[in-house]
There are 2 protein chains.
Amino acid sequence: MKTLRLNSSDRTVLLGSRFFEKLSAAASNAVLEGAVVTNHEEHDVLFHQDETVDSVFCVLSGLVRLYRLGKDGREADIAVFPKGELFGESAMFLGNRATASARAIGSSTIARLDSRNLRSLAETHPDIAQALMELLCRHGQMAEDCLAEDRLLTAPQRVANYILGHCPDGSTTFSFRLPFQKNVLAGKLGLAPEALSRAFSALRRSGVTVKGRMIEIHDRNALERF
Amino acid sequence: MKTLRLNSSDRTVLLGSRFFEKLSAAASNAVLEGAVVTNHEEHDVLFHQDETVDSVFCVLSGLVRLYRLGKDGREADIAVFPKGELFGESAMFLGNRATASARAIGSSTIARLDSRNLRSLAETHPDIAQALMELLCRHGQMAEDCLAEDRLLTAPQRVANYILGHCPDGSTTFSFRLPFQKNVLAGKLGLAPEALSRAFSALRRSGVTVKGRMIEIHDRNALERF
DNA sequence: AACGCGAATTGACCTCGATCAAATAGCCGG
DNA sequence: CCGGCTATTTGATCGAGGTCAATTCGCGTT
C-alpha cells in the first residue's frame, strides 16, 4: 500500500462529494490539509472492526464495503460506498475505534483525511461541524433503512425498492447498469447471491429483465405495486 | 397531551443523561432553555415517520420505541429508548424530517428540546456540537449493531448477546430483571414474541432460566459459547 | 470469433422463524 | 385470596431464504 499526496483530479473527486458541497474553498482546503491517497488491490482490507483508525476515508475510485464479521467467519455487509463517498467518520467520536471492517471491492483508490485535523477544524468552523453532522445523519439513516427493509420486506420487494430508487421520476420505462457485480448488490441487500438471482426472476413478471449488469424496467407501476 | 415546563426532577433526569455529562452548567442550561415536558398515554404516537419535527426528545420516564411501518401495516422496531435517553436528534440535519415514527410504551413523560435553539448553540459552542456528534454516532452504531445481528445471528444467539450485555464483568452467575415486557424485547431484537419465547427455551440448556421478567444466568461461559 | 474463467442461474433440500391457534402463566385489582 | 385479562408459552404448519451442487451465461482476453 503506497501512500501518495492528493493530485488535482483526486481533489476534484473529493470536492465533488456531498460533504464539501456547502463548504467554502478555504474550509475545504483546510480539511484536505495533510490528506493522503492509498491504492488498494481487490479484497484489500482497509481497517478491521474495533481497530484504531486516525483517518476519515473517501473513495476516489473503485468501491468499498463496510462489514461485520460473525464468529463463524461469515460477513454481513453494513454499507457499500462508491466513488465520491466519505466513510469511517464515526470512529472519531467513538474512541477512534472502527465500528466495522472495510474492504475494497476491485482496485480502489482511497483518500485519507486526518481525523485529528478534522476534529480540530470542526471545533472552530461551525460549517465543518455541520457538514460532519449531516454526514453522520445520512449514514445513520442508511443503516436504519437497511434494518427496516430487512425486517419488513421480502427479497423481491427489496430488489424492487432498489430498482425504483434508480428510476428517474416520471419514467414508466427505464434501464440502468448496475455499478457493481450482482454479488455486491446481494450483500448490500442482506441476501445470498442465489436469493438475489431468484428475486430478479420473481420480478420478471413485474416487467423487469436482466442481462448481465443491465437492468430494464418495462413497467414502473407494476414494480411499485410489488 | 399537556405541555408543561421542566421541573427540577425533570432537569435532574435530563442532566443525568450521557448527552449532558461533559457539558458545563452554563451550556446545559442554555440547551434546556425553552424545553417543555409532555405526558403520553401508552401507545401514544409522538411523531410519524417523515413528519416535520422541531424538537429533540428525551425520555423522562417510561419508554419510547422508534419504528418503521410497512405497507402491510406491520411495524419494525428500530430502537427502544429508556429513561434518560435522547432521541429524534437526526431530524435536525435531515431537513427536519423524522426518519422513523415514535411511540410511547406505557405511560411516558417526554422532554422536548427546541431544535432551532440546539442547532444555534451547536454553532457557537464546540462542546455542544461535540456532544451532538457523539450522540449521532452512538445511535448510528446501535442501528449497525442491530443490522449486523439480524444478518449474522440466530434468534437464540441474539438473546444470548442481549443477556451478556447485561451481565457485569467477572460474574459467572447473575440475574437481572427485564426493564420492559418481553414483547418489547422481541421487537428490539427483530423477532416475533413467540420466537423470543422459543429462544429463551433454547437457552435453558445453556443455563438461562426465566420467570416473568426475571432472567437468571447460571453459567456465563456456556452463554458465551452459544 | 473463440476460449476460458468467474459470475450468475437453477435445482434440490433443509432450517429458521413467521403465523395462527390453543393453553397456561402471571400480574393487577377487588 | 380470587378472578379476570393480557402476556407468554407451546403446538402445528408453512414459506422464505440459506446452503450445496451442477449448469449456464457473459465478460474479457487472445
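These numbers were taken from a predicted model, which means no experiment stands behind them. Protein chains get the first letters and strands the later ones, always in sequence-line order, with residue 1 at the start of each.
The residue Leu196(A) sits apart from the nucleic acid: no heavy atom pair falls under 4.0 Å.
Atoms CG (Leu152(A)) and P (dG17(C)) sit 17 Å apart, rounded to a whole Å. The distance between atom CZ of Arg151(B) and atom P of dG17(C), rounded to the nearest whole Å, is 16 Å. In this entry the distance linking CG of Leu191(B) with P of dA7(D) reads 18 Å, nearest Å. The interatomic distance linking Glu42(A) (CD) with dG28(D) (P) rounds to 13 Å, in whole Å. What separates CZ of Phe180(B) from P of dA7(D) is a distance of 15 Å, to the nearest Å. Regarding Leu153(B), its CG atom lies at a distance of 16 Å from the C1' atom of dT15(C), rounded to whole Å. Rounding to whole angstrom units, CZ of residue Phe200(B) and P of dA7(D) are separated by 17 Å. In this structure, NE2 of His43(A) is placed 11 Å from P of dG6(C), rounded to the nearest angstrom.
When atom types are taken as modelled, the side chain of Arg158(A) and the backbone of Leu153(A) share a donor-acceptor pair closer than 3.5 angstrom. Side chain of Ser115(A) to backbone of Asp54(A): a donor-acceptor contact under 3.5 angstrom is found. A donor-acceptor contact shorter than 3.5 Å is absent between the side chain of Arg68(A) and the backbone of Ile78(A).
Taking 4.0 angstrom as the limit, Thr154(A) places none of its side-chain polar atoms (N or O) nearer than this to OP1 or OP2 of dG17(D). At the phosphate of dT10(C), OP1 or OP2 sits under 4.0 Å from a side-chain N or O atom of Ser201(A). Distances shorter than 4.0 Å separate some side-chain N or O of Arg74(A) from OP1 or OP2 on dT19(D).
One finds no salt bridge joining Arg198(A) and Glu194(A) here, because no Lys/Arg side-chain nitrogen approaches an Asp/Glu carboxylate oxygen to under 4.0 Å.
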_Return a single string for nucleotides 20-26 of chain C, one symbol per nucleotide in 5' to 3' order, where B is base contact, S is sugar-phosphate-only contact and - is none, cutoff 4.0 angstrom on heavy atoms._
BB----S
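Side chains of Phe81(A) and Met142(A) form a contact here, defined as non-hydrogen atoms less than 4.5 Å apart.
A cation-pi arrangement, defined by a distance under 6.0 Å to the six-membered ring centre and an angle within 45 degrees of its axis, is present between Lys182(A) and Phe200(A).
Which of dT8(D), dG17(C), dG17(D) sits closest to the side chain of Ala195(A) comes down to dG17(D). Candidate nucleotides dT10(C), dT8(D), dA8(C) were compared by shortest atom distance to the side chain of Arg204(A), and dT10(C) ranks first.
Heavy-atom nearest nucleotides on DNA chain D were determined for Pro156(A) and for Met214(A), and the one closer to the 5' end corresponds to Pro156(A).
For Arg213(A), the CZ atom is densely surrounded, since the number of other residues' heavy atoms within 6.0 Å is greater than 12.
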